[in-house]
Amino acid sequence: MTKAIKSSGKICLKAKVCDLERTLLGGQSFRWRKLCSEPEVKYCGVALNTYWELTPEKDHIAYDAHVADNTAAKINFTALLSDYLRADFDLELQQKNWMQADENFKKFVGQPVRILAQEPLENIICFMCSQNNNIKRISSMVQWLCSTYGNKIGHFNGQDEFSFPTLKDLQGGRTCSQLDAELRAAKFGYRAKFIARSLTEIEKLGGLDWFEQLRRMPYAEAREALVQLPGIGYKVADCICLMSLNHLQSVPVDTHIFKLAQRHYLPHLASQKSVTSKIYEEIAQHFQQLHGQYAGWAQAVLFCADLPQFQPKLEPSAAKKRKK
DNA sequence: AATAGACCTGAGTA
DNA sequence: ATACTCAGGTCTA
């Protein structure tokens, strides 16, 4: 029976530059949920082996952090959370730059979305699950993965919370094809084999050390290294570069960005049915040139703006129009 | 080198 | 009710 250890504090991030709703529930991480206990709204979830409850205030974000009691040593949770939310990044300044360079951008800047600094293994597995899939189902797959292979942190607000499994947790005595079979049985579909095989590869390449190397490499090289893994194409590689390897110029081109580019940025692509590799590069480069060294962050703003869950409520007829 | 089709699953539409 | 489409794509023929 593990008992969680709790620590509270706050980090300096004004509401004006951090919308937790979009940042945490907008398809970057799949492990956060919103808890409404009337006047208060909290965002709860696990990141960095810690269960967090975040309460946005006007001038800061208050947190409760919980870790399993077998966790060694003291942890500086304030520093941990600041890094996770990239509190040092001056979003106001960048939004100004993006709006200046991009006429369309104003239309999409709603609430301030932040790019999270996530852990590579979680990021890789989650986005291997993301292919041809939707956020809701991805979340439930990830939830299953954590409760099956992760370690329990504690019981909060009516449910057990688990850390994201390590490479060891996932392999632990299992062969590649055993893990494949288990994931298949858990409805991971054709992604099961990709995940099982990629984990084997990652282990061979050096695990966490390999991730460190990818961080230090130039973006283009890290990207090329990632697409060598089975089940990872350029889109997922770009998500990983952006979200957990600190390559903020990486622009993942998914179906939302593709449609948005067709409609607002590159009208000559309007007749294109799907994203070929050539078109992928064209769109990515367009946004990189337009938005500069943090183009991936700007992409996240556009992506969130296009998510149905974050769109202003429209009349059904208008909603239909928007779809096309 | 470039392009269709297949691919697991499940929620939403027609 | 039953089929079809779509979702943060990738791989292969």
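Computation of the quantities below employed the complete heavy-atom set of this structure, encompassing side-chain atoms and omitting hydrogens, waters and symmetry-equivalent molecules. All chains are named by letter (A, B, ...) in the order of the sequence lines, taking the proteins before the strands, and each is independently numbered beginning at 1.
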Strand-adjacent residues in residues 246-254 of chain A, judged by heavy atoms under 4.0 Å from DNA chain B: none

Aromatic ring proximity, centroids under 6.0 angstrom, A:Tyr294 and A:Trp98: no

Distance in angstrom units between A:Lys273 NZ and C:dT5 P, rounded: 13 Å

Sugar-phosphate, base or nothing in reach of A:Ile257, heavy atoms under 4.0 Å: nothing

Flag for A:His268-A:Glu282: side-chain donor and acceptor within less than 3.5 Å: yes

Flag for A:Asp160-A:Tyr51: side-chain donor and acceptor within less than 3.5 Å: no

Carboxylate-amine/guanidinium contact A:Lys6 A:Asp64, below 4.0 Å: yes

Distance below 4.0 Å between A:Lys136 side-chain N/O and C:dC6 OP1 or OP2: no

Between C:dT5 and B:dG5 - P atom distance, rounded Å: 14 Å

Point-to-point distance, once rounded to the nearest 0.5 Å, from CG of A:Leu145 to CZ of A:Phe162: 12.0 Å

Parallel, tilted or perpendicular, as decided by the 30° and 60° cut-offs, for the rings of A:Phe194 and A:Tyr190: perpendicular

Flag, side chain of A:Gln28 to backbone of A:Leu116, donor-acceptor distance under 3.5 Å: yes

Shared hydrophobic cluster, A:Met243 / A:Tyr219 (ILVMFWY, side-chain heavy atoms < 4.5 Å): no

Rounded distance in Å - CG (A:Leu229) to C1' (C:dG9): 15 Å

For atom CZ of A:Arg22 and atom C1' of C:dG8, their distance in whole Å: 17 Å

Spacing between A:Asn134 atom CG and C:dG8 atom C1', to the nearest angstrom: 10 Å

Close approaches to DNA chain C from residues 175-203 of chain A, in residue order (heavy atom, under 4.0 Å): A:Tyr190, A:Phe194

Closest-nucleotide ordering on DNA chain C, the 5'-leading residue of A:Phe30 and A:Val227: A:Phe30

Touch class at under 4.0 angstrom, heavy-atom based, for A:Met243 against every strand present: base

Sub-6.0 Å ring centroid separation between A:Trp52 and A:Tyr43: no

Distance between P atoms of B:dG10 and C:dC11 (Å, rounded): 23 Å

A:Phe303 ring over C:dG8 six-membered base ring, under 5.5 Å and 30°: yes

Spacing of A:Lys278 atom NZ relative to C:dG9 atom P, expressed in whole Å: 23 Å

Base B:dC8 paired with A:Arg137 side chain (donor-acceptor, <3.5 Å): yes

Gap in Å between the two P atoms, one belonging to C:dG8 and one to B:dT13, rounded: 14 Å

Touch class at under 4.0 angstrom, heavy-atom based, for A:Gly233 against every strand present: sugar-phosphate

Distance-only side-chain donor-acceptor flag, A:Tyr149 / A:Gln171, under 3.5 Å: no

Gap between atoms OH and P, on A:Tyr280 and C:dC11 respectively (whole Å): 13 Å

Separation between the P atoms of C:dC4 and B:dA6, rounded to whole Å: 13 Å

Runs of at least three Watson-Crick or G-U pairs with DNA chain B, cut-off 3.5 Å: B:3-7 with C:9-13, B:9-14 with C:2-7

Validation row, ring centre A:Tyr63 to ring centre A:Tyr84 under 6.0 Å: no

Side-chain ion pair, A:Glu161 and A:Arg33, N-O less than 4.0 Å: yes

P atoms of C:dA13 and B:dC8, separation to the nearest Å: 14 Å

d(CZ, A:Phe258; C1', C:dC6) in whole Å: 15 Å

Sugar-phosphate, base or nothing in reach of A:Ile232, heavy atoms under 4.0 Å: sugar-phosphate

Pair A:Asp238 + A:Arg223: basic N to acidic O under 4.0 Å: yes

Interatomic distance where CG belongs to A:Asn132 and C1' belongs to B:dG10 [whole Å]: 12 Å

